[in-house]
Structure formats: C-alpha cells, structure tokens
Amino acid sequence: MTIAHDDVRQDAGPSDDGRPAAVATMTMAAALNRALADAIESDPAVVVFGEDVGALGGVFRITDGLTERFGEDRCFDTPLAESGIVGTAVGMAMNGMRPVVELQFDAFALPAFEQIVSHVAKMGNRTRGAVRMPLVIRIPTGGGIGGVEHHCDSSEAYYAHTPGLTVVCPSTPQDAYSLLRAAIASPDPVIFLEPKKLYWSTGEVDTSIVGRIGSARIARAGTDVTLIAYGSSVATCLEAAEIAASEGRSVQVIDVRTLTPFDDATVTAAVRSTGRAVVVAEAPGFASVASEIQSRVFERCFEHLEAPVRKVTGFDTPFAPPKFEHWYLPDADRVLDAIDTLHWLDEHGDEA
Amino acid sequence: MTIAHDDVRQDAGPSDDGRPAAVATMTMAAALNRALADAIESDPAVVVFGEDVGALGGVFRITDGLTERFGEDRCFDTPLAESGIVGTAVGMAMNGMRPVVELQFDAFALPAFEQIVSHVAKMGNRTRGAVRMPLVIRIPTGGGIGGVEHHCDSSEAYYAHTPGLTVVCPSTPQDAYSLLRAAIASPDPVIFLEPKKLYWSTGEVDTSIVGRIGSARIARAGTDVTLIAYGSSVATCLEAAEIAASEGRSVQVIDVRTLTPFDDATVTAAVRSTGRAVVVAEAPGFASVASEIQSRVFERCFEHLEAPVRKVTGFDTPFAPPKFEHWYLPDADRVLDAIDTLHWLDEHGDEA
Amino acid sequence: MQHTMLQPAHPHGPDPHGADPRDLLPRDEPVRLIDEAGAVHADEGYPMPSADLLRRAYRGLVEARRINDQANALVRQGRLAVYPSSHGQEACQIAAALVLGAGDWLFPTYRDSVAVIARGVSPADAMVLLKGDWHSGYDPHEHHVAPQTTPLATQLLHAVGFAQAAKHRGEDTVVLAMCGDGSTSEGDFHEALNFAAVFHLPVVFFVQNNEYAISVPLSRQTAAPSLAHKAIGYGMPGRRVDGNDVAALLAVLGEAVDRARAGGGPALIEAHTYRMQAHTNADDDTRYRERAEVQAWAERDPLTRLRTHLTARGLLDAAGEQELAEGAETIATALREALNADADLDPEDLFRFVRSTRSPQLQEQWHRLRDELERAGTAVEGGPR
Amino acid sequence: MQHTMLQPAHPHGPDPHGADPRDLLPRDEPVRLIDEAGAVHADEGYPMPSADLLRRAYRGLVEARRINDQANALVRQGRLAVYPSSHGQEACQIAAALVLGAGDWLFPTYRDSVAVIARGVSPADAMVLLKGDWHSGYDPHEHHVAPQTTPLATQLLHAVGFAQAAKHRGEDTVVLAMCGDGSTSEGDFHEALNFAAVFHLPVVFFVQNNEYAISVPLSRQTAAPSLAHKAIGYGMPGRRVDGNDVAALLAVLGEAVDRARAGGGPALIEAHTYRMQAHTNADDDTRYRERAEVQAWAERDPLTRLRTHLTARGLLDAAGEQELAEGAETIATALREALNADADLDPEDLFRFVRSTRSPQLQEQWHRLRDELERAGTAVEGGPR
Ligand SMILES: Cc1ncc(C[n+]2csc(CCOP(=O)(O)OP(=O)(O)O)c2C)c(N)n1
Ligand SMILES: Cc1ncc(C[n+]2csc(CCOP(=O)(O)OP(=O)(O)O)c2C)c(N)n1
Ligand SMILES: [Mg+2]
Ligand SMILES: [Mg+2]
C-alpha cells in the first residue's frame, strides 16, 4: 500500500518485528471502528450517534462495541430521524462537542439535506468564524453489494457542490483510519463517505499515521495515462492498470481521497506528466464530481493533453436493481475501453 | 427576441396590427402567471399549491389572482412544510392530477430533497413506467435582488445531477411562458427554476408558442467565441457580447434553457463554429452544471478548440450577503476577462 | 373578541368542533375483542366481526404465515436478496387488506409484502424488489397498491396526496397508509398527518408498533404515553388496538375506514404487535433483545389465538385446517417455482423508464453499453447472471 | 406480560410515569394574569410576578416598541434591506429574554430581533443581517444567543443538541427555542420536540402563535384543538398562555424554565398573540386579512395593558413613563446612527470564514477577484457601495 508522502507519521516506536507497534492488518470496517474508538478515547468532546449505532453496532458494524466500551454517553442510538440527527449535531457542535454521526445509506441522508446545506455548511461563515462546525457525517456510500433500491446511491456531488463542506472518501483501510481521525479532528464539517463495497477489504493500518485532508495519493505509478478516481473506483482503476501493464501500457492511478478541497497540484502534475487522463467514478456522470475533475484537468492541462480527458461513470439513471448492477457499475473493461480512445499513436506516429 | 426554430407556433390567427392575436408585451412574472392560468383553464387535472400561493398570490405574485379566478380547488395554500408539499404532489400525480407546486426559495426547497430525489425522480423508473410523475416544482432561483441569507442560492446542480428530473431555467418572458406550459404538459417531473432577478424584465410573449423541453436557443449570433449560459446569466452574456462587439469581437450567446436533458447538438455545433467558449452561471462552480457543460464541450469539441474552455461562476462560498453581492455575482466584465484569456492571436498569428 | 383572543381566531378542521378534544385521545388500554386464550373480550364500542369475516381472516393468516416462511427459505437458498418478514405481525397485514374496498388504496412499506399479496398482487410480483429483478414488480393501478416504500414515512405523504386527488374529483376512495413505530419519528410522519387533518382527507394511518426499529426499542422513539397520543396534536382521533388480535384490528381499522369514507376525516391507529424475527435476514437480533422477550410474544401468536377462538366456536375443524394448509402450500409452491426461474433481464431496461421519452444522453449511454456487450460477445438481451 | 402487551414494552421518558398523561394537555383557556383592562386575573397555578419584574418587563416593552418603530423607519429610509417586525408580540419577546439566566441560551428566529437585543446584543449588531453587511452580526457565545434563523424550525434542533451537550457535561443550562405557528408544520419541529423528550432535555419550546404564517392563517396550519395539544404526542407538557400578557408569559415560561433546570425535561408553550404589521415591509397584508381583525387586536396591545396595570397599582407614574421613553429614545438614536454609518466592507471576507483554513481553490478565487478589483481600480478594501 502506498502511503502518501505528506501524511504525518507519529512515532509509536518499533515493535518486535521491526514494524511500528501501531501497525496491523485489518479490514476497512475495523479500521473505521478503531478510528472511532481512538477518537472517543483521546478527546472527551467526541460523541458518536445515529440509528442503530449502539447495541447493534451499526448496520455495517462500524460502531461495534463502542457503547459497551465507552458507555451510552459516548455512543448512542437516536430516534429515527435524520434531520434530527444532523440538526442536534449542529447544536452540539455549537456547544463544544465533536459529534460523529452515522446516516445509514446515501438515500437516508437526504432528509437531513436542509440541515447539511443551510447550517452544517454555512454556520462557520455565517458567524464569521465565531461558531465552527467540528462535526463528521459518516455515510456508507455506493454500490457493488447487490443492495436493493435506495441502498447503493453515490451522492458525493450534492455535498461537493456545497461550499463549506469537506468531502472525504477513502479507498484503503489506512486512509479510512487516518482520514477519519483527521476528519474528527478538523474544525470544519466533514462528509465522510465510506465505500460499502470496500468495508471488508483488508490492508495494513498504522494508527500512528495522521491523515491530511486535501491531499490526493498516487496509488500506482505510471507514465502513459493517468486514471483519477476515489473510493471503490480506485480498485477498479488498479485492476485496469494491472491488465494494461500486461499489454505494455503504463498506467498511473491517482486516488483523490479528498473531493473538496481538491488537490489540484497532485492531479495536475500527474496528468501533465502523462498527457492522457480518464476520470472514473460510480455516480451518475451529469454535473458530477467526475465532471468537475474532468473540466479541471482539461483547463489546467490543456496544452499537455494528447487526447480529450474521458470519464467513465455510472449512467444518468437511478442506480440499477441488484441483478442489473453488473451492467451499471464501471468496471476495469470499461476503463480500458476509455483508455483505448485516447488517440494513441502507433510506432509511425499515426493514430492507432 | 429570438425564438428558437423548433418551438412550435400554434396558429392563433393574426390580430389587427398583423401580430398574432396571442402576442403581448409583459414581464416574466406576468408570463408565468399567464402560463399557470392557461394551464389550469385547459386541463382540469392541473392544480397549483404551495405556501402563500392563494390569497397572497405568492411572495413574488406569480400566482396572483388564480384562487380568485379558479377557486380554492385549483389553487390553494398548504401547511408550511415543503416535504409535505412535494410528497403530497407525488401522491396526487399517482392519482391522475398534474400538480404544479411553488417552493418559495432554493434554500426552502431543501426540506423536500428526499421526496424529490427518492420519489419524484424515481417513481417512473421504479414502476417501469406504470406510474409517471407529471408534476412541476417551481422554484424562484438565484441572486441579484439584494436578498438576505437563504434567499439567493442557485441549486440547479442538485437537481441536474439527479437522474429522472427535467431541469428548466428560462431567461425570457416568452420561454417562461412556453416552457412552463411544456413543463406542465410533460409526463415527467420538471424542476422549473425561475430567475428572480428576471421576474420584472419584459418581452413579447406569444402564447400560441408551445415550448420544447430539451432545446437550447441561440440568443445572439457570433463567430469568434461562444458564451453558454442559462437564466439570469444570459443577460450578463448578452451585455458582454454587446461590449465585445463594440471592440470588434463577434460573440455568440447560447441560452441553454433546459439543463437536463441537455441540448448537446446545438451547443457542440456552436462551439465548433467558433473554437472558443466560456460557460457562465451564478452557482458555485465546483461540481456544477457549468462544470458539466465545460467538460462536455471540452470532450466534444476538443479538436476544434483554440483555447481551453473557461467558466465564470459564483465562488465556492455561500452566497454573499446583500452588500457583497456585486463582488460575488458574475458580471459582464468578468465574462470579458475570461474571453480575453482564450489565446487570441494577433494579426501575425502570435498569441495576443 | 374574548373568544378570538383565547382560541385560535380561525375555525379549525371540522372534526373537533364543539366536541371535547379529549375524545381524540386513545383509551388507556388497546382495543381487544379476543383475548390471548382465544376467549371473547367484549367491547361496547366495537362489535365482534362476523364469523364469515373471521374465517376469511383466518385463511389470510394461514397463507400469510406460509408466505413469510417460504420467503425466509428463499433467502437462505439465495433466491431472494433480502426479506423483511412480518412473522408475528400477520394479523395487522391481513386486517389492513381486508378492511379496504376494491376501490380503496393501500400504501405499504418494505415489511408489508403480505398485505400487498392479500390485496391481490401475486406473491412472485410482490417479491421482484426483494429478488432484485427490478425496484417494484407490479402495476400499482391494477390492484390499487402503491409500490412498497423503503425511505421511511415518505409514503404517508403520497397516501395523503392520493386521497386529496380522489376528494378533489369527488370519489369516495379511502387510503390506508402503513408505517412502523420507528417511522413515527420522521418529519414526514408529522407532515403527512397534519396535511391529512388540515384538508380533512380520508386517510387511515396505520402504525404497526412492533417495539423495534431495527435494533432501537420504542423507548428511544418516543416518551409519549403511546404513539396514538400523537393524533390529538393534529386534531384527529388516535386509537390503540391489540395488534395480534385480528378481530380487534378488523373492528378498529374498519371503523376508521367507514368514518373516513363518510367524510369524517383521517385517523391514527396504533397496533401493538411484535416482530418475531430479525429485522431482515441481514440482521442479528440477539445483539439487542433478550430471547425471553421474544419467547413471551410467541405465546401471543395471532394465528394460534384466532385458531383457538374459531375452533372453540365451532367455526373451524381439522378438515378445515387441512384445507387451508393445502391452499397455503399451493401458494408457497407457486412462489418457490416462480423464484427458482431466472427472469429474462434486458439491460436496455436500465434506460427505458427513466423518462417517458429517452433523452439523447440516455440513448448515447445505452448505445455505449450495447456496443460494450456486443464486443464482449454477451447477448444483448442479457439473460440470467 | 399483560402489561408488556398493552403498553409499550419499554419504560418511557421519566415524565409521564405513573402520572395521568392528561396532565400533559393544556387547559382549555390560555393562562392569563392581567386582563385586557389591566386588572388582575388571579390564577391558582401561576403567581403574579413581582412588582420589580413587572417594571423591568415594562421597560423592556417600551424599548421593544421603540426599536420596532425605528427599524421600520430605517427600512423606509433604505438603511435596512428588510425588517420582520414583532410589533404586537413584544410581550413574548421580552418575557423570553427575561426568564432566562445568564448562562442560559436563546435560539431565536428572524422575527425575534427584539428578544435578541433584550438578551444584551446591541441593536446595531442585531441588525447586521437585515442591513445586509453580513449573515449575522454578533458572536453567539458572547450573549448566549444563537444566530437568528430563517429556515423555519431548523433552529429548534440546534437548541436540542445544544442542551444535550450541556446535559452531557452536567451543566444546568436551559435553552429556550422560539418559533412561529407556521413553523410547527415543519418536520423539524416534530423531530426537535421528539428528541428533546426522548433525551429528557432542558429545552423550552416557545411558539408565538401570531395567527399567520405570512398570509396563511392558523386554520391552514392545524386542525388541532391548539398547538399546545401537540405536546402530549411527545410526552411533554403543553401550555397555552395569553401572548399579550407579559405577566402570564413570565409566569408560564418561568415555570417551564425552572422545571427544565430542575431536571423535569422539555415543555411546549404556545402564546396567543398577533402580528400587528405585515410579515415584513415586502409584504402586503391587506391581501389576506381584514382591517377589522387587525383593529380588534390593537385594542389588546401588550404595552397598554401593562401600563394600565402598573399605573393602577401605583407602580408607574408620568415621570417614570417619561424616563422610560427617553431611555428608549437613546437606544433608537444609537441604532439610527449606527445604521446611517456605512460599514467598511472587505471583499476578502467572502473567502475568510468559509473554512477554518482557506483551501487552494478559495485562495485562487480570491486572488482572481482581487486582481479584478485592482484592474478596475477599486480599492481592494471595498468601502460602501
Ligand atoms: C429515511 C430512512 N432512514 C433510515 C432507513 C433505514 N431503515 C430501514 S428499516 C429501519 C427501521 C424502521 O423501523 P420501523 O419504522 O419501526 O419499521 P419496522 O422495520 O419495525 O417494521 C431503518 C432505520 C430507511 N429505510 N429510511
Ligand atoms: C423552510 C422554510 N420555508 C419557507 C420559508 C419562507 N418563510 C419565511 S417566514 C414564513 C412564515 C413563517 O410563519 P410563522 O412560523 O408563523 O412565523 P411568523 O413569521 O408568523 O413569525 C415563510 C413561509 C422559510 N423561511 N423557511
Ligand atoms: Mg418497528
Ligand atoms: Mg406566525
């Protein structure tokens, strides 16, 4: 696993096998659970709440054991009302707490949309910084788990378009841990999108690494074309890169990690170095984060581009029913098809 | 006023002065009011409701006189609850009505966001077309009227990103009339965004013209550069074009009119003809409709572009307080500045 | 003047007029007509439903239980993606379906598949959502059943709007809208009841209080004396009923439906019942409730109670039982067979229904998918996967 | 067992325990301590506030009225963009401010500028929003007053969360959250009251029922016997009070605050009052209400009533009146002068507060604006426009 240069490792001392004591292999779900526990432990202002986060430990078990370990005071169930969850989190943040709330699925975050857009995002600006909103809204996001309607949407565009919100979407257990810790520590409100499909993926996690919001990660080096993705699509891109490599094409993969603020520096430098780019994301493409990345890359790399920047996204349709999911979701083949359109020249310099 | 070739004029017979009988000069507000009245009159399934749309005639008087003229049955006030307004409209649409609801400002549409995204947009697809959603959600949009917080937002990106919704935003009284009639007649749900700033602008309206959803309009012919805009920004672009003309630059202006479905054909042809483009919109730029248009134009016109496509949008900040509005809103100068960056060549073919 | 000052200046909905608002409050005890031992529990306000209706209800309960069991089995066999069972709540499901006339409408949730089926939708069509073949498998207009809704409480508003349209046209449709105890905490619950009351619409709100919202117990949803106590805040009557007593449910829901049809406006009915199984197969209810609690409710099973009652009254015998069981088995077999067959899925369906006319963008996207599938040598028609 | 069946299985909030839930209902008549003629209207449940408190309240009313008048004048002069006046509702405004202790918090709406000022915010700072210089003009932590909120009912949830944090830390803060009659129809109203009751929090919900939501009369908001009847649906007490009787308001709100501080949980108080002027200066109230109705309420003016009462009791004389009027005039003058001065506005403020650290994107956008202003020769510091 590549760890971005600019994440800060806090020295936890080496363990017997030479690895830092804080390193262990775990699932993304476990990494998130660990991040919540560590945050609760290290800051008395942190409280975790939402629907079913207590005794049940969350429908995805991300809050498993927190109530048992830290008590109802620090992790508790609320009435079933998402605007209520986010609205009370706003009030708690006004009064010195750092609420971390869970909304069960993208579609079930929507009842809280007014609170998020009109207050979570704006309170700091409204009060000239006198009242900051150090709160985190965790939302399991995306498809790939065969879920029925309303359980597989990708709604990052709604949040990324809203000024004042930080939007984070990790793709590795390490980033899940480090960025959730960073999100909870942030004085600004963070929409923390957890790709459901990756909950059970595993990787090494060094809990001494503190994530830095706003920095993309080079997930794979490459020289011919740059793939830009986040969340579950990073794995799709890595798979495509692997196949492409076997066909002699060197594919670079950027994991955006933080959607807003966006890391233009890393992305622009990457695309300038290869001259070709494809943006990959699950969400419908129209007016999406993928469109934003595409247009940014176009504008900033125009002189360096050998071909139009392409994007591979979900269709502009409601998310597919379970049995249609494989047709809907971008996969490595679709990414490779897009790469193939990027005006490749043959050995004579003619377009292939 | 330019009327797009593909709007259909229904013959209303000429009047004394040779103009069709149905033509009159009126404000956009009056045109909208007229469209509502004509729709109520011509289709017993049409009902208008919302907050203050009855006796008051709406906070912008768009529903003025409708209750008096057609009775409480056809135009009525509801309790103060936006999710309730949209949610009941969904039920009415399921049961043979064509509800036209008013939500008072963009920010006050947000409580209805779940109903809009999870039901209005999806019901037709969910039921394999068995239950269509012939409803219209009217929202006065945008700034430029010195309104306080929550009264000047532009939220088209939220709707345009949502598959299943049609999003319309007129810039002339004629289109306000024709497109609102078309929206009400549409079997699909339409988010109808009315630029508040243009409510009192005037123009000729021919009520025999039936609008066509999904078609852009060439608002001004030009050969050097294409400006692409909708709603209040069309006027800004026309103003910039006028100034540019006086400086010898021929500027084409496209009024997008329908954000989704998007009229790629008109926009692509336009930009290919000039080789340069700027997209203009009031909303914050990140992951916006302007970004979408920018990326579409980039991708479809790549080989024809002399310079990167630029966009001029609102900042990625909450909408400005009234006294800051003039700094926030895109104006003709800002559009002209953007045009100036488009790699113009001097008479020697060097970049100017 | 004094009057205007002390009371809201404007006439309120027709209902509480003059009458004592306290009549809108539920009784202290839920209505019950058959006790847990199957004996008659007479009630002045609510007559016992006819023997015929009780027999029809019993058939419904037997079929309902069998459908719940079959669906659970289909989940285990991987033929259904998920199933939110109404095991234990079958009396509510069947009563909801039986109290409505043919022209009336039902607005169900994900948990109400049995009520949907009892209204006439075929079990296989009702399961399309849970099988994953599409988001909904029936034409709502055919059986007057709205699509089963997942976003909690949102369907209550659809029910209200539906009733409003019917009233607008002078039709006498009654709408029965279902939700769970947890859903009463959502803003849409509040807005729906309020709109229905203000516009005096024929909507019966039927809350199946099964004590849990996934893992969250009722005590985390409300501090009110009961959920039915919310009704007075909207100016409609609130009633509580034993949710495992189908006779009481038929009586109380039936009265609310009659009242609504007669122009009496909406009502809120809370049924006290219990979800005997986990929230869905994906849930683990041992994490949040004691087995003893579940066991105690098993002893109040709605089927057993009605069976005892009917048998005692001589309205049911072993032969009758046998016949009902066979009928239920036929339904289960048909469901099993339907779900064992793979549907012929067409990828183009992804684009067909999004809008009534396909946009150029959607057409372009479909063509890209079609080309992709052709390149991959997949039959475009799809087929089982 | 029987018990579990008939009542929710889980203990409800501590409040209705054992007690008769009907105690949560409001009385038929709103509480009143001074009648419209200024005479004492004794009430067993609520003692008359002390003479000293009534005198403080009267000073508040005089200042409140003067501030409302001044703000209206400033709108006409173009110094304020808009002003939602609380003329006629001043008793509610002043009582809300007076019942709170220094450590308590107020969560006001756009209409509650006078309450905000009565809590200590300077009139000029309170008007920053309405003048258009920024979205809010005071530091909430300085005077324990949340920003005045426009999206209806949303602030009620903030108030609840605020109280929850205080309770979490064992502080005895009480939170008073204000809203209008129309706002009670919003989903957030429901969710806020429910959260407060379930978590048993020290929040007093104070509804100023002024009969209208812009143009929409109360009869379109609810069919309930009163708005206070909603309280029982959450398991908290609901109370009605004469909203033009500051003595009754002080007594009823004061009791709710004391009860909340003592751990008694939340309460819902409905004050019956009237908005004497249009919704804002942008509104035309002749479109939706009769002048006679407005006139009738003018006769119940909260100032006049208290003045009559205090004068009759010898607690106020002409000299005292004169002194109060002069004090109010000083405040009005200061407000006028503050608003006549143009604020020094800095365009960079648009970017300063969006995030605690400016993002590269925001910095880039600011630089573009700065360059633009420099090119245009405008001083970057801005200045009045
Ligand atoms: C708006 C929304 N939030 C959250 C969910 C996730 N969810 C599905 S069922 C459920 C519990 C519902 O409880 P209740 O209303 O009591 O119904 P029951 O499942 O007990 O029948 C939750 C939280 C949802 N479907 N919709
Ligand atoms: C969510 C939301 N919807 C609509 C509006 C527009 N609006 C502003 S004030 C108002 C009426 C509010 O009435 P009420 O709650 O009775 O308060 P009052 O103005 O009478 O004090 C409306 C509809 C809003 N501010 N917020
Ligand atoms: Mg339940
Ligand atoms: Mg009001």
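Residue numbering restarts at 1 for every chain, and letters A, B, ... go by the order of the sequence lines. For the numbers below, each heavy atom of this structure counts, side chains included, while hydrogens, waters and symmetry mates do not.
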As an exercise, state the distance from [atom1] of [X] to [atom2] of [Y], rounded to the nearest 0.5 Å.
X	Y	atom1	atom2	answer
A:Asp316	B:Phe262	CG	CZ	12.5 Å
B:Ile254	B:Tyr230	CD1	OH	15.0 Å
A:Asp264	A:Ile293	CG	CD1	9.5 Å
A:Arg138	A:Leu103	CZ	CG	9.5 Å

Side-chain heavy atoms of [X] within contact of [Y], under 4.5 Å:
X	Y	value
A:Met133	A:Met94	yes
A:Cys169	A:Glu156	no
A:Thr313	A:Pro330	no

Candidate pair A:His343 and A:Glu306, rule side-chain contact (heavy atoms from CB on, under 4.5 Å), full reasoning: CA-CA 7 Å; A:His343 302 191; A:Glu306 308 288 343; 5.6 Å; no
Side-chain donor or acceptor of B:Thr141 paired with backbone N/O of B:Asp106 under 3.5 Å: no
N/O donor-acceptor pair under 3.5 Å between A:Thr258 side chain and A:Thr166 backbone: no
Output field: ring centroids A:Tyr158/B:His161 closer than 6.0 Å: yes
A:Phe108-A:His151 aromatic ring centre distance below 6.0 Å: yes
Name the member of [options] that forms the most heavy-atom pairs with chain A at distances under 4.5 Å.
options	value
B:Ala160, B:Gly164, B:Ala109, B:Ser155	B:Ala160
B:Arg310, B:Glu82, B:Lys311	B:Arg310
B:Ser291, B:Pro318, B:Ala287	B:Ala287

Residues which pass side-chain hydrogen bond (donor to acceptor under 3.5 Å, both in side chains) with B:Glu51, listed by chain and number, not counting sequence neighbours: none
Contact class of A:Leu305 relative to chain B, heavy atoms under 4.5 angstrom: both
Contacting moiety of A:Thr162, where chain B heavy atoms sit under 4.5 Å: both
B:Ser215 vs B:Asp263, side-chain hydrogen bond (donor to acceptor under 3.5 Å, both in side chains): CA-CA, chis, key distance, verdict: CA-CA 5 Å; B:Ser215 79; B:Asp263 185 353; 5.1 Å; no
From A:Val167, A:Ile85, A:Val101, residue fulfilling side-chain contact (heavy atoms from CB on, under 4.5 Å) relative to A:Ile137: A:Val101
Minimal non-hydrogen separation, B:Glu282 against B:Phe319, with atom names: OE1-CE1, 4.3 Å
Residue among A:Ala112, A:Ser83, A:Ala107, A:Ala307 with most heavy-atom pairs under 4.5 Å to chain B: A:Ala307
Per-residue contacts, residues 186-193 of chain A versus chain B, heavy atoms under 4.5 Å: none
Neighbours of chain B found in residues 118-128 of chain A - heavy atoms under 4.5 Å: A:Ser118, A:Lys122, A:Asn125, A:Arg126
Toward chain A: residues of residues 295-304 of chain B with heavy atoms under 4.5 Å: B:Ser295, B:Arg296, B:Phe298, B:Glu299, B:Phe302, B:Glu303
